[in-house]
Amino acid sequence: MFWTFLSVGQKTYSLLFVKSLVNPHLHAYICSEYYRQKILFMSNEKFSKSSIGKKVIMGLTGLFLISFLVIHVTLNSMIFANDGGVLFNQGADFMSHNPIIRILEIGLFVGLLAHIFMALKLTLDNNKARPIKYAVTKGNANSKWYSRSMGVLGSLLLIFLVVHLAHFWVPTKVAVFSHTEHDTFASMREVFKEWYNVAIYMLGVIALGYHLLHGFQSAFQTLGLNHKKYTPMIKFIGSAFSVIVTILFAAMPIVMHLGIIK
Amino acid sequence: MSGSGEKTLNLTLKVWRQKNAKAAGNLETHQLSGISTDMSFLEMFDVLNEKLITDGKEPIAFDHDCREGICGMCSMYINGRPHGPKQGVTTCQLHMRSFNDGETIVVEPWRSAAFPVVKDLAVDRSAFDRIISSGGFVSVNTGNAKDANNILIPKDDADDAFNAAACIGCGACVAACKNGSAMLFVSAKVSQLALLPQGKVEAKGRVLNMVGQMDEEGFGACTNTGACEAECPKGISLENIARMNREYLSSSLTYVKK
Ligand code: HEM
Ligand code: SF4
Ligand code: FES
């Protein structure tokens, strides 16, 4: 068998007759030779400035935030033990005092900030790519509304997170630093007494659910992890995860408000 | 083809008119009657243009060439969707039987910062050409057909490469995407070469260059909404975008410029 390398541009660089299939060593040599002769590729774009690079950061931080959610939802589900918050408070206490968790918490905030920063950057860039809008669009004919609303859903989430942190994270921090006891379960009961707080949490949790419904599988696609065999599985797990997390988180304020969990 | 099923339609057309790239445009309303359901969408535009010329008015500029779904020129954003309401067709393959009598049809040009309007519905898609010239080629002579056939290529890879190569560069993916992203187009052009041994030689530099050029042209990033895949007349798959992301990631990590 023969494979002939003839010319690059106008000049002839290598004329090879390779017996059998491509000889990998020769092949590698030709490649490097070729690259040296003709510096074709002058891309000096920085990864984090490129559209794909920004999306990869989005996806990685998103998945990292999801891993936190797994722990968060598991721990909070301890309230369903309905033991007056004993089990739950033990968990909360461990989380707020364990040094490893403390360090991970810093990572969590860095990840969240990176995610928000990139989201802002991407959304602004993407808007610039279509300065004149269409008079008529039928987005629902080709895509899901929540996949097109990640920025809005994320912004709702951000507003919710500020309220949420003020409710629980700030008092816990104050207690840790002032070396006083903090009964997180009791403050949950306090917060969810008010119907408007329950409403805010419903909104926040539903925004999270839809953000994840698209985001979970989207992150895998962004990272190039698309495979005929595994992608259907990833999509299923993503949807199931989003629904379960939404239901569990939504149930918490409701059962506390109704006094089912005391 | 004037079959026995032929019917005629009365339509209201709202078409984007714009003198040149700098001018501000607006939607212009036209009434059409007696449009055969057997006509293609472009033939309907021919009828309208003839009427405009007869009336001493400026005909509507729109791109078209092959009129059989292979050149990718016929860019029209029809009633909120690129190439109109049907899936898997270009505007020239769309027939008036897809519309109802008395319907109002809004026709706009592709909207993208990277595709400036030249006139009316015609846009400048040379950004795609610049992306191709930045890396969408193989620079070594791959021999004649016999030589090429001597390189064994798994059938699945050949099929995937062929399917990616079906992209006609129409730009419907950009037009459909809420971000005006060209990822489906670029990923098809990256994939058709990355999947084959002849293309692997320059694969690393290629993806970096093509993505770099894509960003420079002002296309948006991908949110994975899937609108491009749903509207692509050639059924280019999102798997290509994932492949390009993989290629881009690994090239960014390992590529050393000599
Ligand atoms: C708090 C404010 C948040 C904002 C403003 C925000 C915003 C966004 C936006 C705009 C995107 C889409 C980016 C694009 O594809 O163009 C996105 C993607 C994503 N977000 Fe968020 N988000 C927030 C919080 C979260 C949280 C708490 C999680 C997880 C627990 C999360 C997980 C994800 C994931 C997995 C993706 C998909 C990444 C990808 O497509 O590659 N986000 N976010
Ligand atoms: S990927 Fe599809 S929609 Fe995009 S340019 Fe190619 S053929 Fe057209
Ligand atoms: S005119 Fe060639 S694809 Fe429509």
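Everything numeric here is computed off the predicted structure, so don't read it as measured data. Note on naming: letters A, B, ... go to the chains in the order of the sequence lines (proteins, then strands), and numbering restarts at 1 for each one. Any value given below was found using the heavy atoms of this structure, including those in side chains, with hydrogens, waters and symmetry copies removed.
- Closest approach of B:Ala221 to A:Lys55, counting heavy atoms only: CB-CG, 4.5 Å.
- Note that OG of A:Ser51 and CG of B:Asn245 are 8.5 Å apart. Values are rounded to the nearest 0.5 Å.
- Around atom CG of B:Leu253, more than 12 heavy atoms belonging to other residues, nucleotides or ligands sit under 6.0 Å away.
- In this structure a side-chain-to-backbone donor-acceptor pair under 3.5 Å is missing from A:Arg148 to B:Cys177.
- For chain A, the nearby part of B:Pro109 is the backbone; its heavy atoms alone come within less than 4.5 Å.
- In this structure, the portions of A:Thr222 lying under 4.5 Å from any heavy atom of chain B include both its backbone and its side chain.
- Across all non-hydrogen atoms, the minimal contact from B:Asn224 to A:His214 is O-CE1, 2.9 Å.
- Looking at every heavy atom in both residues, A:Gln221 comes nearest to B:Ile241 through NE2-CB, 3.8 Å.
- Checked by atom type, the side-chain pair B:Asp215/A:Ser50 shows no donor-acceptor distance below 3.5 Å.
- To the nearest 0.5 Å, the span separating CG on A:Leu122 from OG1 on B:Thr223 amounts to 7.0 Å.
- Comparing B:Cys222, B:Ser112, B:Gly220, B:Ala227 by how many heavy-atom pairs each has under 4.5 Å with chain A, the most go to B:Ala227.
- Among B:Gln213, B:Arg243, B:Arg81, the residue with the largest count of heavy-atom pairs under 4.5 Å with chain A is B:Arg81.
- Taken to the nearest 0.5 Å, the CZ atom of A:Phe47 stands 4.5 Å off from the CG atom of B:Leu249.
- Other residues, nucleotides and ligands place more than 12 heavy atoms under 6.0 Å from the CZ atom of A:Phe241.
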Please assess A:Ile52 against B:Met244 for the test side chain to side chain contact (heavy atoms under 4.5 Å, CB included), listing each intermediate value before the final yes or no. CA-CA 9 Å; A:Ile52 298 182; B:Met244 175 163 78; 4.3 Å; yes
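- Contacts of A:Ile132 with chain B are made by both backbone and side-chain atoms, with heavy-atom separations under 4.5 Å.
- Proximity to chain B is absent for every atom of A:Lys54, based on heavy atoms less than 4.5 angstrom apart.
- Separating the NZ atom in A:Lys138 from the CG atom in B:Asn79 is a distance of 4.5 Å, to the nearest 0.5 Å.
- Note that the CG atom of A:Asn142 and the SG atom of B:Cys232 stand 12.0 Å from one another [nearest 0.5 Å].
- For B:Lys22, the NZ atom counts as loosely surrounded, since its 6.0 Å shell holds 12 or fewer non-hydrogen atoms of other residues, nucleotides or ligands.
- Proximity of B:Tyr77 to A:Val136: side-chain heavy atoms (C-beta onward) are nowhere separated by under 4.5 Å.
- Of the two parts of B:Glu108, only the side chain, counted from C-beta on, holds a non-hydrogen atom closer than 4.5 Å to a non-hydrogen atom of chain A.
- Looking at A:Lys128, only its backbone comes within 4.5 Å of chain B, counting heavy atoms on both sides.
- The residue among B:Ala175, B:Ser181, B:Ala230 with the most heavy atom pairs within less than 4.5 Å of chain A is B:Ala175.
- The CE atom of A:Met150 sits 11.0 Å away from the OG1 atom of B:Thr225 when rounded to the nearest 0.5 Å.
- Most heavy-atom pairs under 4.5 Å with chain A: of the set B:Glu231, B:Lys178, B:Arg111, this distinction falls to B:Arg111.
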